[in-house]
Amino acid sequence: MEKAEAGEGGDADSYQKLRQIYRDIQTGAKAFLTAEYGMCVKFSFVVGGVTSMISGYIGMMIAVFTNARCTMTATLSPDAVAWKESFNVAFRGGAVMGFALSGLGILVLYFLICMYVTVFDVASEAIKLFECVAGFGLGGSAIAMFGRVGGGIYTKAADVGADLAGKVVAGIPEDDPRNPATIADNVGDNVGDVAGMGSDLFGSFAEATCAALVIAAQSHDLVSAGWDTLIFPLYISAVGILVCAAVSFVATDLKPVRNEAEIEEVLKTQLALTTIGMTVVMYPICATFLPSTFYLGARSTFAASCANATGNSKCVTNGPFHAFCCISAGLWGGLIIGFVTEYFTSHSYSPVREVARSTETGAATNIIYGLALGYKSTIVPAGILSGIVFASFSLMDMYGVSLAALGMLGTLSTCLAIDVYGPICDNAGGIAEMAELPETVREKTDALDAAGNTTAAIGKGFAIGSAALVSLALTAAFVTRTSVLDHGVNMLNPVVFAFLLIGSMLPYWFSAMTMKSVGVAAMEMVKEVKRQFDTIPGLLEGSPGHAPPDHARCIKISTDASLREMVPPAILVMTSPIATGMFFGVEAVIGLLAGGLVSGVQLAISASNTGGAWDNAKKYVEKGGLFIDMPKRDNVTGEIIRDELGSPVLISVRQRKGSDCHKAAVVGDTVGDPLKDTSGPALNILMKLMAIISLVFADYFMSINNGQGFLNVPRQAF
């Protein structure tokens with residue numbers, strides 16, 4: 001070209017035209033590749049979203065199908081048969097959701113990868129291939145946002161509205177058939193606790209897998225090691241499904257439930273055995289598919305970069321063992337977080353019993369004790385997550401963190417089965433009361449439901465822990481893709497620190513939106529129920545032949561509220577990282593993601609555990625577990641009996657439904673409903689969705705002033 005421009009070797013104009021044609025072809029090729037890449041990401045997004053919706057639909061239909069059957073099996077005799085069959089029906093219904101979601105997710109993701117292999121060359125374009133696949137995680141997480149937030153607003157608008165209208169306004173039980181909001185409440189259990197939780201954990205699975213694949217694609221050694229090595233993250237989830245399936249027979253056949261005391265024990269045994277089984281089988285899997293040495297950095301190999309490297313986490317010298325340690329850390333960390341969550345939310349242990357006892361002096365002390373419990377419950381999970389991150393990063397850099405996230409999700413099928421078990425039992429109890437079945441049936445469903453509340457809290461702790469690791473893994477993939485750490489990120493850089501504070505604020509802003517949404521919708525529900533009591537003759541009194549309550553109107557209120565109120569929180573989460581990256585650059589995005597993760601995980605744990613503790617404290621009072629010392633009164637005069645010193649003689653009085661302690665416990669439970677079922681769990685989506693959006697838009701951010709944003713913020717430490 002230089003000779004042509006100088007007029008040597010031919011006509012200069014002809015060579016100039018040739019050069020222009022070459023540039024035009026190059027530009028066109030780049031435009032085509034960019035369009036093709038964009039289409040692949042969009043297609044992956046649609047596939048991920050549709051898969052998440054199908055999984056949620058399957059779960060909801062199975063839950064609805066199982067609810068009434070759980071109630072019917074609770075009517076069987078003798079009692080041992082009723083306990084076993086009602087538990088098995090609920091557990092198997094949850095298992096269908098768990099295995100359907102896990103199996104469908106991994107199957108669709110694998111076929112998506114295989115389809116893109118025909119478009120991209122794995123040896124030279126692995127990074128582009130798996131960045132396209134990352135759209136699958138974004139699609140799943142976007143649907144999870146609407147499922148978790150919208151479903152949470154729906155279920156708690158109905159639940160809080162039914163509680164207030166029934167117990168406070170009309171003085172009737174929560175699931176009384178006279179209450180027009182009861183059907184909406186039962187529908188809400190399926191919408192929020194089944195479809196919402198399913199879409200949440202599906203998003204975690206999809207995002208953790210995509211993060212691990214994107215990070216692995218940056219390593220020349222892992223790409224060169226072969227296809228099985230590259231898609232090793234999928235093997236973790238696939239083996240997890242098989243282990244969960246094998247262990248599921250323990251709860252239903254080998255060691256079934258025969259009485260109330262065995263329910264929690266059987267459920268916890270499932271979690272423990274699944275974790276042990278995964279630990280046993282993972283090392284052979286790691287040894288089969290991973291090379292012994294490899295380098296996790298870009299554009300280099302282990303031989304070139306690690307000859308004299310010591311203490312470099314990117315230089316992996318014992319790949320199978322290090323991967324096994326990272327996965328095991330996630331497995332056992334998730335189990336410990338689950339059991340710690342159970343300790344703080346089950347009325348079998350002292351923390352919840354202390355909350356229940358605080359109702360002796362009214363609702364205010366109940367609220368204070370519950371908040372204190374929630375804050376305290378963050379200590380161990382935060383320590384566990386910190387240990388997992390430190391150990392996995394030390395062994396295998398950010399790839400190790402993504403493997404730890406997949407390890408925590410390795411028992412996904414069992415965790416979902418146990419989590420969905422809860423709302424199935426809750427609905428079964430509501431059906432028993434509305435159908436006016438014998439009290440013994442309601443006692444069984446209440447006992448199953450109480451264990452379900454605890455397992456739901458375990459599931460929420462598991463979901464929050466995995467969300468934190470997934471968010472960090474996605475942030476790691478973003479860091480790897482943008483090379484933002486090549487020159488270091490100084491926390492005292494004004495832009496980074498400013499967005500660290502902004503990111504820390506976002507979970508509170510998000511929670512404020514969702515909490516207020518529940519309050520607004522619940523107010524509408526209470527007014528509607530009161531209107532029906534006032535306008536339908538004989539409804540409140542239960543007079544024979546009265547017109548039925550208008551359930552459809554209450555369902556419409558919850559539906560309209562959820563669709564209307566979920567939009568602002570979704571806009572906040574989706575636009576925050578995009579606006580930050582566009583205007584302030586990639587280092588500001590790192591600050592935003594770090595702040596949102598650190599703040600969000602603490603707030604989510606405390607909110608979920610506070611609400612769960614208030615709920616089970618109420619159930620502890622209702623089952624007659626709380627005794628309060630009260631002055632003994634004369635049976636005739638009603639006067640307080642005193643001893644020789646003039647002090648009142650105290651007797652221990654059992655507290656049940658309708659007592660002052662129960663009324664205080666109901667207040668705590670009502671306040672805790674949006675905390676544990678709307679704001680707390682929805683923060684998982686905030687942490688993950690911001691990170692996956694940042695990863696998918698990483699190339700776009702880098703194209704704006706080399707990652708400095710439209711405001712051209714310098715990319716160096718100050």
Side-chain angles (χ1 to χ4, degrees), residues 25-26 28-44 47 106 108-137 206 208-238 285-307 309 312 314-317 319-320 322-323 396-400 402-403 406 473-474 476-483 486 695-696 698-699 702:
I25 293 173
Q26 185 183 48
K30 287 181 177 179
F32 168 76
L33 290 174
T34 301
E36 182 182 51
Y37 173 66
M39 287 301 297
C40 289
V41 173
K42 292 173 185 175
F43 180 72
S44 298
V47 171
I106 195 170
V108 172
L109 180 57
Y110 181 72
F111 278 124
L112 189 67
I113 293 171
C114 290
M115 187 178 66
Y116 286 153
V117 168
T118 63
V119 179
F120 297 97
D121 177 54
V122 177
S124 59
E125 297 179 304
I127 296 176
K128 287 292 182 185
L129 189 159
F130 289 117
E131 283 182 349
C132 285
V133 173
F136 180 81
T209 306
C210 292
L213 292 171
V214 169
I215 295 173
Q218 311 287 330
S219 169
H220 179 272
D221 288 340
L222 291 180
V223 174
S224 302
W227 178 247
D228 287 335
T229 299
L230 198 55
I231 64 167
F232 170 72
L234 290 177
Y235 286 109
I236 301 174
S237 302
I285 300 298
C286 295
T288 302
F289 297 111
L290 288 177
S292 58
T293 59
F294 51 89
Y295 178 63
L296 290 167
R299 299 178 297 276
S300 187
T301 63
F302 182 87
S305 301
C306 302
N312 186 352
K314 292 183 182 293
C315 297
V316 181
T317 56
H322 286 184
M396 299 184 75
D397 204 73
M398 285 300 187
Y399 188 58
S402 64
L403 293 184
L406 284 170
L474 291 167
F478 174 79
V479 166
T480 303
R481 188 71 192 102
T482 58
S483 302
D486 284 358
L695 175 60
V696 171
D699 284 347
M702 290 299 295

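We count residues from 1, following the sequence as given. Bear in mind the structure is a predicted one, so any value in this text is a computation, not a measurement.
Minimum heavy-atom separation, Ile215 to Met398: CD1-O, 3.7 Å. Considering every non-hydrogen atom in both Ala216 and Val223, the closest pair reads O-CG2, 4.2 Å. Across Val133 and Ser44, no two heavy atoms sit closer than the pair CA-OG, 4.0 Å. For the residue pair Ile127 and Ala217, the shortest heavy atom distance occurs at CG1-O, 3.5 Å.
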Assess the residue pair Leu234 and Ile106 against the criterion (side-chain contact (heavy atoms from CB on, under 4.5 Å)); give the C-alpha distance rounded to whole Å, side-chain angles, the decisive distance to 0.1 Å, and a yes or no.
CA-CA 7 Å; Leu234 290 177; Ile106 195 170; 4.1 Å; yes
Could you walk me through whether Phe478 and Val214 pass side-chain contact (heavy atoms from CB on, under 4.5 Å), step by step?
CA-CA 9 Å; Phe478 174 79; Val214 169; over 6 Å; no
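Once rounded to the nearest 0.5 Å, the distance linking CG of Leu230 with CG of Leu213 reads 7.0 Å. Note that CG of Leu406 and CD1 of Ile236 are 5.0 Å apart. Values are rounded to the nearest 0.5 Å. Between Leu129 atom CG and Asp121 atom CG the span is 9.5 Å, to the nearest 0.5 Å. In this structure, the separation between OG1 on Thr317 and CZ on Phe294 is 9.5 Å, given to the nearest 0.5 Å. Atom CG in Asp397 sits 4.0 Å away from atom NZ in Lys314 (nearest 0.5 Å).
Side-chain contact check for Tyr110 versus Ile231: some heavy-atom pair is nearer than 4.5 Å. Using a 4.5 Å heavy-atom threshold, the side chains of Phe302 and Cys315 count as touching.
Under the 3.5 Å distance criterion, the side-chain polar atoms of Ser402 are left unmatched by any main-chain donor or acceptor of Ala211.
For Ala225, the side chain to side chain contact (heavy atoms under 4.5 Å, CB included) partners at least two apart in sequence or on another chain are Thr229, Pro291. Applying the ring-ring contact (aromatic ring centres under 6.0 Å, His included) rule to Phe289 yields the partners Tyr235; only residues at least two apart in sequence or on another chain are considered. Annotation: side chain to side chain contact (heavy atoms under 4.5 Å, CB included) contacts of Val47 (sequence neighbours excluded): Phe43, Thr51, Val108, Leu112, Phe136. Under the salt bridge (Lys or Arg N to Asp or Glu O under 4.0 Å) criterion, Asp221 pairs with no residue, sequence neighbours left out. Scored by the side chain to side chain contact (heavy atoms under 4.5 Å, CB included) test, Ala323 finds Cys286, Leu290, Met396, Leu403 as partners (sequence neighbours excluded).
Screening residues 285-295 for side chain to side chain donor-acceptor pair (under 3.5 Å), with sequence neighbours left out, gives no hits.
For the two cysteine residues Cys132 and Cys40, the thiol sulfurs sit 2.5 Å or further apart.
For the residue pair Ser219 / Tyr399, no side-chain donor-acceptor distance below 3.5 Å is found, with atom types taken as modelled.
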